[in-house]
Student: 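First, the structure itself, so that you have it in front of you.
Only heavy atoms go into these numbers, but all of them, side chains included; no hydrogens, no water, no symmetry mates.
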Amino acid sequence: METQSYIPVPPGVGMEENFLSLDDILLSHERLPCRTESAFPRLGFLEKSSDTREIPEGTKMEMSLWLAKGLYERKRRVLSVELPKVYRQGWRTVFSADPTVVDLHKMGPYYYGLGSQLLHFHNPENPEIAQAVLQTFIGRFRRTMDSAQNAYNEDTSALVEPLDSLERALFKAGQNGLNAFQRWETGRASQLTASSLVLNYRKRKITDLQA
């Protein structure tokens with residue numbers, strides 16, 4: 001039986017991450033443009049362009065998403081988070097016109113995940129950001145799945161290259177479904193096999209019995 005040292009864990013959906021997911025771990029390291037609203041003593045080493053011991057109030061810098069979320073407080077203004085350019089009004093206009101022409105992977109491989117995480121930071125443009133992310137996904141979904149279903153035994157690198165990480169997972173699922181259908185259609189899928197969920201459940205039961 002084929003075994004895996006790591007069982008893939010899907011990313012979280014919405015504003016909360018799944019910390020068992022490799023995709024969400026990578027997402028948490030995406031960098032956000034921030035502005036300090038108070039001085040940060042003895043943390044000057046975080047700002048590479050400064051040789052002072054503290055980060056003064058009003059400093060503009062980039063922080064990882066996980067750090068910005070940890071420091072951000074709505075009532076006690078320690079840090080303010082600015083919108084990355086892909087979520088600003090100009091790009092939202094581009095997405096509303098035709099979202100399929102944008103290379104989302106080049107703009108940031110976690111466009112949907114980071115967009116949902118930005119809603120943690122109480123920005124007046126949050127409703128527009130949420131709507132833009134949703135409509136972008138809807139506008140690109142059919143093309144993504146059509147491409148996955150119509151590319152059999154072909155080089156799909158050009159199709160996958162402009163996709164966000166979520167879209168790449170959907171594309172892969174579509175390709176798996178297409179391949180499974182082709183095996184069934186040609187009579188190569190007559191043997192029933194247990195799903196990975198059933199196999200993993202059996203492994204856990206055996207481990208529990210041996211404990």
Side-chain angles (χ1 to χ4, degrees), residues 9-99 101-141 162-169:
V9 178
V13 178
M15 293 176 65
E16 296 302 325
E17 302 120 306
N18 183 344
F19 289 104
L20 297 177
S21 167
L22 291 180
D23 278 327
D24 280 357
I25 292 173
L26 294 173
L27 166 63
S28 71
H29 285 79
E30 287 289 293
R31 301 183 71 79
L32 296 175
C34 302
R35 182 180 185 276
T36 59
E37 301 293 340
S38 62
F40 289 7
R42 297 191 299 277
L43 291 178
F45 64 90
L46 293 176
E47 178 57 32
K48 296 180 180 179
S49 62
S50 174
D51 56 0
T52 60
R53 294 194 59 187
E54 70 170 27
I55 300 176
E57 178 182 346
T59 300
K60 291 187 175 182
M61 58 189 302
E62 288 190 341
M63 289 188 182
S64 298
L65 171 63
W66 65 268
L67 180 57
K69 285 175 65 176
L71 292 174
Y72 181 82
E73 293 184 25
R74 188 175 184 182
K75 294 181 179 179
R76 183 172 174 266
R77 298 278 291 183
V78 176
L79 184 79
S80 60
V81 176
E82 300 177 3
L83 292 179
K85 66 178 182 179
V86 71
Y87 301 99
R88 296 175 189 169
Q89 177 60 49
W91 276 103
R92 296 202 302 265
T93 302
V94 173
F95 286 126
S96 64
D98 186 0
V101 302
V102 181
D103 187 335
L104 276 190
H105 192 78
K106 184 180 294 184
M107 298 302 297
Y110 298 99
Y111 171 76
Y112 300 111
L114 186 58
S116 65
Q117 291 295 314
L118 286 175
L119 303 181
H120 277 288
F121 310 105
H122 296 81
N123 189 298
E125 296 182 54
N126 275 359
E128 289 80 9
I129 294 171
Q131 185 67 14
V133 170
L134 176 61
Q135 292 303 317
T136 298
F137 178 79
I138 293 173
R140 291 168 62 96
F141 175 77
L163 301 182
D164 159 272
S165 63
L166 174 59
E167 293 173 335
R168 291 186 175 193

Student: Side chains of Q89 and E128, heavy atoms from C-beta outward: is any pair under 4.5 Å?
Tutor: no

Student: With sequence neighbours excluded, tell me which residues meet side-chain hydrogen bond (donor to acceptor under 3.5 Å, both in side chains) with E73.
Tutor: none

Student: When you check the side-chain N and O atoms of E167 and Y112, is any donor under 3.5 Å from an acceptor?
Tutor: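 Indeed, the side chains of E167 and Y112 share at least one donor-acceptor pair under 3.5 Å.
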
Student: If I compare all heavy atoms of R92 with all of Y87, which pair ends up nearest, and what's the gap?
Tutor: NH1-O, 2.8 Å

Student: Taking all heavy atoms of A68 and all of L32, pick out the closest pair and write down the distance.
Tutor: CB-CD1, 4.4 Å

Student: Please report the shortest heavy-atom distance between Y72 and H120, naming the atom on each side.
Tutor: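 Closest pair (atom of Y72, atom of H120, distance): CE2-O, 3.9 Å.
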
Student: Among Q117, H29, R31, whose side chain to side chain contact (heavy atoms under 4.5 Å, CB included) with L65 holds?
Tutor: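 Result for side chain to side chain contact (heavy atoms under 4.5 Å, CB included) with L65: Q117.
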
Student: Which atom names give the shortest non-hydrogen contact between R168 and L163, and what distance separates them?
Tutor: NE-O, 3.2 Å

Student: If I compare all heavy atoms of V86 with all of M107, which pair ends up nearest, and what's the gap?
Tutor: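 For V86 and M107, the tightest heavy-atom pair comes out as CG2-CE, 3.8 Å.
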
Student: Hey, does V81 have a side-chain heavy atom less than 4.5 Å from the side chain of N123?
Tutor: no

Student: For a quick test of reading the model, state the closest non-hydrogen atom pair linking T136 to P99 and the distance between them.
Tutor: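 T136 and P99 have their closest heavy atoms at CG2-CB, 4.0 Å.
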
Student: Does any part of the side chain of S64, heavy atoms only, come nearer than 4.5 Å to the side chain of S28, both counted from C-beta?
Tutor: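 Counting from C-beta outward, S28 and S64 never come under 4.5 Å.
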
